[in-house]
Structures are given as C-alpha cells and as structure tokens.
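Shown next, in structure tokens, is the structure this report addresses.
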4 protein chains.
Amino acid sequence: MERGYYDTSMGEIAQRVGVAKGTLYQHFESKEALMIVLFKREFHDLQVATERIAQMSVDAQEKMSLMIDTLCYHLAEKHPLFFIIRNATDLEAEIHQEIKEYFNAMRAQIGLMLDEGKAEGIFNVALPTEVMLEVLFGIIVSRLFKNFHQGLQVKYEDLVGHLKCIYFHGITAPAPAPAG
Amino acid sequence: MERGYYDTSMGEIAQRVGVAKGTLYQHFESKEALMIVLFKREFHDLQVATERIAQMSVDAQEKMSLMIDTLCYHLAEKHPLFFIIRNATDLEAEIHQEIKEYFNAMRAQIGLMLDEGKAEGIFNVALPTEVMLEVLFGIIVSRLFKNFHQGLQVKYEDLVGHLKCIYFHGITAPAPAPAG
Amino acid sequence: MERGYYDTSMGEIAQRVGVAKGTLYQHFESKEALMIVLFKREFHDLQVATERIAQMSVDAQEKMSLMIDTLCYHLAEKHPLFFIIRNATDLEAEIHQEIKEYFNAMRAQIGLMLDEGKAEGIFNVALPTEVMLEVLFGIIVSRLFKNFHQGLQVKYEDLVGHLKCIYFHGITAPAPAPAG
Amino acid sequence: MERGYYDTSMGEIAQRVGVAKGTLYQHFESKEALMIVLFKREFHDLQVATERIAQMSVDAQEKMSLMIDTLCYHLAEKHPLFFIIRNATDLEAEIHQEIKEYFNAMRAQIGLMLDEGKAEGIFNVALPTEVMLEVLFGIIVSRLFKNFHQGLQVKYEDLVGHLKCIYFHGITAPAPAPAG
DNA sequence: TATGAATGAGCGTTCATTCAT
DNA sequence: TATGAATGAACGCTCATTCAT
C-alpha cells in the first residue's frame with residue numbers, strides 16, 4: 001500500500017510476509033490477483049460501515065456526514081486505497097472489473113443516500129446524483145494528493161470539517177444572519 | 001497519455017512515433033525526461049490561460065468560474081494530464097521536482113484568486129486556502145476517474161455547471177426564494 | 001578469462017555456463033560482482049602459497065626464487081589473472097578496491113621477503129623495495145603479453161629460469177671465473 | 001589515451017576534435033581504424049628515436065641504456081601507449097595485425113642491439129633474445145601499473161636508473177669492491 | 001504444502017555506424 | 001566534403017512466473 005503497484009515486487013511482498021515466492025503463487029494466481037484480494041480485504045470494513053450508515057434512522061445529511069467521516073477514516077487515514085486504485089490505470093481489464101464491482105456496490109449505496117436527501121428536500125435536486133458522487137470521491141481522495149502538497153497545515157479533524165463544509169455549502173461565504 | 005507511465009515502453013513509443021528507439025534517445029535524455037517535456041508542453045497553454053484570468057478585472061468568483069472552465073477544458077477535455085501526474089507517484093524525485101514547480105506556480109496563482117475572494121467577502125474565510133485548492137483539483141480531476149464511471153450521462157457543459165455549483169454552494173438545496 | 005571484461009556479456013557467460021541470464025543474477029549481484037568472485041577464487045591458492053613461502057626457513061633469495069616459480073605457475077600457466085586485472089582499468093572504483101586489497105596483501109608479503117634479503121645483504125639496498133616489486137610483476141606478466149608474441153620458442157621451465165636469472169642478475173654477461 | 005578504448009565513444013572523440021561524427025567516419029573507416037592511426041602517430045617518434053639509437057657508434061650497453069631512456073620517455077611519460085595496447089586484448093584481429101607489425105619492427109631493432117651486446121660479450125648469451133625483449137617491455141610497462149600502486153615514492157630520473165640497474169644487473173647486491 | 005533456484009521476455013539505455021541533406 | 005539525425009543490435013539488469021525437490 002505504501003509503495004505503489006509497480007514499485008513492489010512479488011519477492012519483496014513474499015519476504016515481508018515471511019513466506020517464499022512460490023508459496024505466494026500457491027495462494028494467488030498472479031500479482032494482480034493478489035492485489036484484488038488485498039483490496040477486497042481493505043474494502044470489506046468500509047462496505048460494512050457504509051451498510052450500517054445506510055440503515056441508520058437519521059436524515060440524509062447526517063448520513064452523508066457520517067459517510068464522509070467513514071471514507072476519510074478508511075481511505076485517507078487507514079490506507080491510501082483509492083489512491084492506488086487510481087494509480088493502477090493500466091492494470092488488466094479483468095482486475096479492474098472485479099474491483100469496480102466492489103466499488104460500485106458501495107457507490108450505489110451512497111447514491112441512495114443522496115437520493116434520499118433530494119427526496120427530503122435537503123439536497124439540490126438540480127444536481128445529478130452521479131455528479132454528486134464523483135465530486136464526493138474527488139474531494140476525499142484529493143486529500144491524498146500528497147506528492148504535490150506534503151505539508152498541509154491543517155489538523156485532521158479540522159480538515160474533515162472543512163471538506164464537509166465545502167461539500168455541503170461550497171466555498172461561498174455564508175449569508176449573514178438576518179438582522180432582528 | 002492513454003496508457004500510463006509504466007505500461008508504455010520506449011520501444012512502443014518509438015514504434016508508434018515511427019522512429020527507432022535510439023532516435024528517441026537523441027531527443028530525450030531518458031524516459032522521464034521525455035515525460036517532463038510532454039507535460040511542460042501540455043501545461044504551457046494552461047499556464048498562459050491562468051495568467052490571463054488572474055489579471056482580469058472581474059471579481060474573484062468570476063475569476064474562479066473562468067478558472068474552472070479553463071481547467072476542465074485543458075485537463076478533462078484535452079488531456080488527462082493531472083491524472084497521469086497523480087499516477088506517477090513513484091517517479092524519480094528529480095522529475096517530480098520539475099513538474100511540481102510548474103504545477104505549484106499555477107496553483108499559487110489560483111490561491112491568490114481565492115484569497116482575493118476572501119478579502120472581497122465573497123469566499124468563506126473560515127476555509128484555509130490550501131483546502132479550497134485541494135478540493136478544487138479533486139473535483140476537476142474526479143471527472144477523469146473514468147475507469148470506474150465510464151458512461152456519465154451528463155453533457156459536458158452541464159457537468160461544468162454542476163461542478164461550479166457544488167464548488168461554490170455545495171450540494172445542499174438552495175434556500176427557497178423569500179416569499180414576497 | 002580468455003576474452004576480457006568488456007567483450008564478454010552476461011548473456012554469453014550464462015549461455016556458456018548453461019543457465020539463464022536471470023540465474024546468473026541470482027548468484028552475483030552484477031557483472032562486476034561476478035568478476036570479483038572469480039578473481040578471489042583464483043587468488044586464493046596463490047595467497048596460500050605465498051603465505052607458505054613467507055614462513056619457510058630459507059634465505060630470501062630462495063624465497064624469491066620459489067615465489068617466482070609460484071607466480072609463474074599460478075598466473076602464467078594457470079590463468080592470465082593479472083593480465084585481466086590490468087585490462088580492467090576502468091572498472092568501478094569499488095571493485096578495484098576489493099581486488100586491490102587482495103592483491104596488496106600478497107604484494108606486501110613479497111615486499112617483506114625482499115626486505116629480508118636486503119637485511120641479509122643478499123639484495124641491493126640501493127633499490128627501493130617498491131621498484132623491485134613493480135619490476136617483479138612486470139617481468140612475470142610480460143610473459144602473458146601473448147598477442148604480440150605468440151610463439152615464444154622457449155620451454156616453460158627454461159623460461160622461468162631465464163626470468164629468475166634476469167631478475168637476480170640482469171642481462172649482463174656473468175663475470176668470468178677468476179683465473180687461478 | 002587517458003580514458004581507454006571502451007570508455008571513449010566516437011561521439012566524444014568527434015566533439016573533442018571539433019568535428020561531426022560523420023566527418024570522423026569519412027577519415028577513418030571505423031573506431032578501430034582510428035585507433036590504429038592514433039597509435040601509428042604515437043609510435044612514429046619512438047620508431048625514429050629507436051632507429052637513431054640503433055645507428056649510433058656506441059657499445060650495446062650504452063645503446064640499451066639510451067633505449068630504456070627513450071622507451072620510458074615515450075611510453076611512461078608521454079603516453080600510456082603500451083598500456084592501452086595491452087588493454088585492448090580483444091580488439092579485432094585485423095587491428096592487432098597492423099599494430100603488431102609496427103611494434104615488431106621496433107622490437108626487432110632492439111633485438112639486434114641485444115644480439116650485438118651478446119657478440120660483444122657484454123650481454124649474457126645464455127639468455128634468449130626473445131626473453132630479454134619480453135622482460136624489457138615488462139619492466140617498462142610495469143611503471144604504468146598505476147591502479148595498484150599510485151603513489152610510487154620515487155623520482156622519475158631515479159626510477160629510470162633503478163630500472164636500468166635491475167635490467168642490467170638484477171636485484172642482487174653488487175659484489176663488494178675487492179680489497180686493495 | 002512450501003520452497004527458492006531457474007527462467008526468459010522485456011526493459012531502459014548506449015553507441016558504432018549509416019546516409020540523406 | 002561535412003553534417004548529425006536516424007538506426008538497431010546489443011548490453012546489463014529486473015521480476016513475474018514456473019517447477020523440481
């Protein structure tokens with residue numbers, strides 16, 4: 001996870017895991033198959049958490065707020081999962097397919113939350129859900145854009161707050177409280 | 001551009017360009033040097049456009065709106081530039097340095113626009129400019145996350161409009177026009 | 001050994017040894033590392049023999065005579081070791097270092113024999129030991145200068161005798177036995 | 001001369017000479033042909049000097065003494081000529097042939113000097129001229145064995161004297177002057 | 001089942017040589 | 001005649017994958 005797909009050889013992985021290279025190939029058909037399994041494992045917790053949020057009895061904004069907390073926690077803090085997925089542009093189509101399906105399941109669930117929000121009149125119905133989803137992931141993963149901005153001088157909790165603020169209200173200055 | 005750094009060999013590039021491998025090396029010192037030149041060429045137009053916007057006599061929101069148009073045009077439509085930059089996590093430090101400097105120059109200029117907007121009372125002073133910048137790039141590049149979402153059913157112009165809408169006002173439903 | 005460092009590719013070596021290129025690299029970190037190992041192996045016997053001669057209880061001339069026998073046997077007859085070392089002027093510094101150390105250990109021991117000889121009044125104290133050493137190696141290795149003189153019409157044993165003769169007494173005709 | 005055959009590319013040579021690579025190939029058929037010409041040029045002075053010495057009206061020892069001066073001057077001081085020849089073990093046979101012929105001409109002339117010396121009773125007739133020649137070159141070139149012994153603490157003039165001393169009288173201590 | 005030596009295609013790169021201008 | 005861009009075979013080296021033990 002910390003090195004990227006191309007910069008990690010099977011030999012290194014085997015060494016780190018403490019088995020021989022051959023053993024690795026008895027459990028995983030190929031380097032790419034190994035990656036898929038790794039991702040699935042990582043995704044699992046996130047999927048479970050997403051599921052739980054989806055079934056909570058709170059309004060859509062609250063759900064999305066929790067969803068952002070969760071995504072930030074799992075992706076940004078725990079593992080640069082999406083980042084690696086993004087890097088792997090050129091992995092075999094087959095792999096992508098597997099990961100895509102996993103990803104899309106979660107994505108669909110979040111889409112439902114957004115749709116709920118629209119139905120509740122909380123979210124802007126003029127915005128296609130697809131776009132809202134894309135922007136959500138773009139915002140979350142942007143935090144990982146580390147190579148171009150190492151020293152972000154913001155605390156983690158504040159950052160998540162800021163991301164929610166922008167996602168929900170944009171960068172525009174809030175309207176002044178009405179006088180009186 | 002369409003294949004990623006690691007999955008494109010110099011031999012392939014040479015073949016596609018229609019020259020011998022050696023010829024490539026007469027023009028570019030290394031694979032990485034080739035990449036830098038490619039990026040610089042791509043970046044140049046974008047930089048010029050950014051410069052022009054920075055010097056326009058319009059308010060910050062208008063500038064940012066134009067900036068989003070420009071970024072979308074150059075990056076999303078013309079070339080998946082940022083996407084590849086993101087992929088290249090593990091390219092040699094030196095290369096990164098060169099590209100980073102190019103990128104950071106543009107980034108800094110957009111940062112100034114955002115600061116102007118805060119000074120003008122248009123943008124939310126509670127949000128760190130750094131975060132606003134990260135989110136901006138996250139939103140723009142998110143559109144390029146093609147592998148997970150090929151068939152976005154939205155027209156290009158509408159999409160840009162939606163991105164601006166979210167970036168400026170978030171996904172929350174707009175307040176109803178005051179009855180009158 | 002018979003081809004020189006630069007004219008022997010790893011592929012060729014692999015082929016000759018009957019393994020794949022990759023296999024070679026599993027045993028030797030690099031082409032240079034392979035060379036070092038080869039040299040060390042060759043040198044070992046020579047070093048042992050030198051050691052033994054150094055500890056014999058004979059006078060310095062006898063030691064040097066045995067030393068010349070040994071050098072001729074190992075270098076000229078067995079392998080053109082020094083010759084290749086000389087060729088490799090421009091190998092990486094690090095490699096040279098390793099080989100140099102091996103070589104210098106043996107060289108130092110021979111230097112001690114020469115110094116002993118001087119102390120015993122056998123060798124010419126006017127000649128710096130360093131120079132005596134250089135000339136010794138120059139003489140031995142000269143025999144290997146095969147490309148310019150393939151068909152030396154002298155038997156091996158005679159040749160060694162001649163070399164000793166010159167090294168000890170020069171090319172000048174011996175003084176006639178004093179009459180009477 | 002200062003870099004060795006393999007570490008000098010035609011491009012570098014062209015650049016240093018101030019012409020284009022193509023121009024080089026109009027004057028020299030190949031890299032090896034270029035080397036031959038270079039060597040011939042270097043050799044020329046040495047050959048002339050050798051010729052002159054051969055025709056002097058002095059005894060053979062004096063001739064050989066001058067010859068050693070000359071060889072040392074041309075080879076050791078002026079250019080590491082022999083050293084490079086030795087390095088080039090694996091150059092094409094054709095090249096060797098040309099250089100060999102040049103070299104052998106000079107070698108033959110020195111051989112004659114040695115034979116003269118034997119006829120004059122000065123040199124040891126028990127030593128084959130071939131061997132005396134080999135040792136001569138071995139001694140001279142030994143001085144160039146720079147990589148294994150950089151800091152020879154002997155002045156140039158002294159060194160030449162020592163080499164002559166050994167070549168003529170060996171390393172054995174001179175007999176004490178007979179008591180008067 | 002676990003191993004790790006063996007494999008070999010493929011990579012980025014070099015450079016002697018050619019040839020159209 | 002001089003040029004230097006183009007060539008492409010060959011190099012040292014890597015690493016995902018295989019397979020005999």
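Atom set for the values below is all heavy atoms of this structure, side chains included, hydrogens, waters and symmetry mates excluded. Throughout, a chain's letter reflects where its sequence line sits, starting with A, and its residues are numbered from 1.
Ring-plane geometry between C:Phe137 and C:Phe103 is classed as tilted, the angle between the planes lying from 30 to 60 degrees on a 0 to 90 degree scale.
For A:Gln15 and E:dT3, the CD to C1' distance is 14 Å, given to the nearest whole Å. Rounded to an integer number of Å, the gap from CG of C:Leu34 to C1' of F:dC13 is 13 Å. Computed from coordinates, the C:Ile13 CD1 to F:dC13 P distance equals 11 Å when rounded to whole Å. The interatomic distance linking C:Glu12 (CD) with F:dA9 (P) rounds to 18 Å, in whole Å. A straight line from CZ of D:Phe28 to C1' of F:dA2 spans 15 Å, rounded to a whole angstrom.
Applying the side chain to side chain contact (heavy atoms under 4.5 Å, CB included) rule to B:Phe28 yields the partners B:Leu34, B:Val37; only residues at least two apart in sequence or on another chain are considered.
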Does D:His74 form a side chain to side chain contact (heavy atoms under 4.5 Å, CB included) with D:Phe43? I'd like the steps, not just the answer.
CA-CA 9 Å; D:His74 278 93; D:Phe43 245 103; over 6 Å; no
Step by step, would you call D:Arg107 with D:Glu101 a salt bridge (Lys or Arg N to Asp or Glu O under 4.0 Å)?
CA-CA 10 Å; D:Arg107 181 191 168 94; D:Glu101 273 159 32; over 6 Å; no
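Among all heavy-atom pairs drawn from B:Ala105 and B:Gln47, the shortest one is CB-NE2, 4.2 Å.
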A correct dot-bracket answer for DNA chain F, with pairs being Watson-Crick or G-U at under 3.5 Å, [ ] for crossing pairs and | for inter-strand pairs, is .||||||||||||||||||||
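Distances shorter than 4.0 Å separate some side-chain N or O of B:His27 from OP1 or OP2 on F:dA6.
Between A:Gly18 and C:Val19, the residue anchored closer to the 5' end of DNA chain E is A:Gly18, taking for each the nucleotide with the nearest heavy atom.
A donor-acceptor pair under 3.5 Å links the side-chain atoms of D:Lys31 to the main chain of D:Thr8, judged by distance alone. Looking at D:Thr50, its side chain does come within 3.5 Å of a backbone N or O of D:Leu46 through a donor-acceptor pair.
Salt-bridge annotation for A:Glu12 and A:Lys21: absent, with no side-chain N of the basic residue lying under 4.0 Å from a carboxylate O of the acidic one.
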Check nucleotides 15-19 of chain F against the protein and report each pair of N or O atoms closer than 3.5 Å, with its distance, or say if there are none.
{"unit_1": "F:dA16", "atom_1": "OP1", "unit_2": "A:Lys31", "atom_2": "NZ", "d": "3.0"}
{"unit_1": "F:dA16", "atom_1": "OP2", "unit_2": "A:Met10", "atom_2": "N", "d": "2.6"}
{"unit_1": "F:dT17", "atom_1": "OP2", "unit_2": "A:Tyr25", "atom_2": "OH", "d": "2.9"}
{"unit_1": "F:dT17", "atom_1": "OP2", "unit_2": "A:Lys31", "atom_2": "N", "d": "2.9"}
{"unit_1": "F:dT17", "atom_1": "O4", "unit_2": "A:Lys21", "atom_2": "NZ", "d": "3.1"}

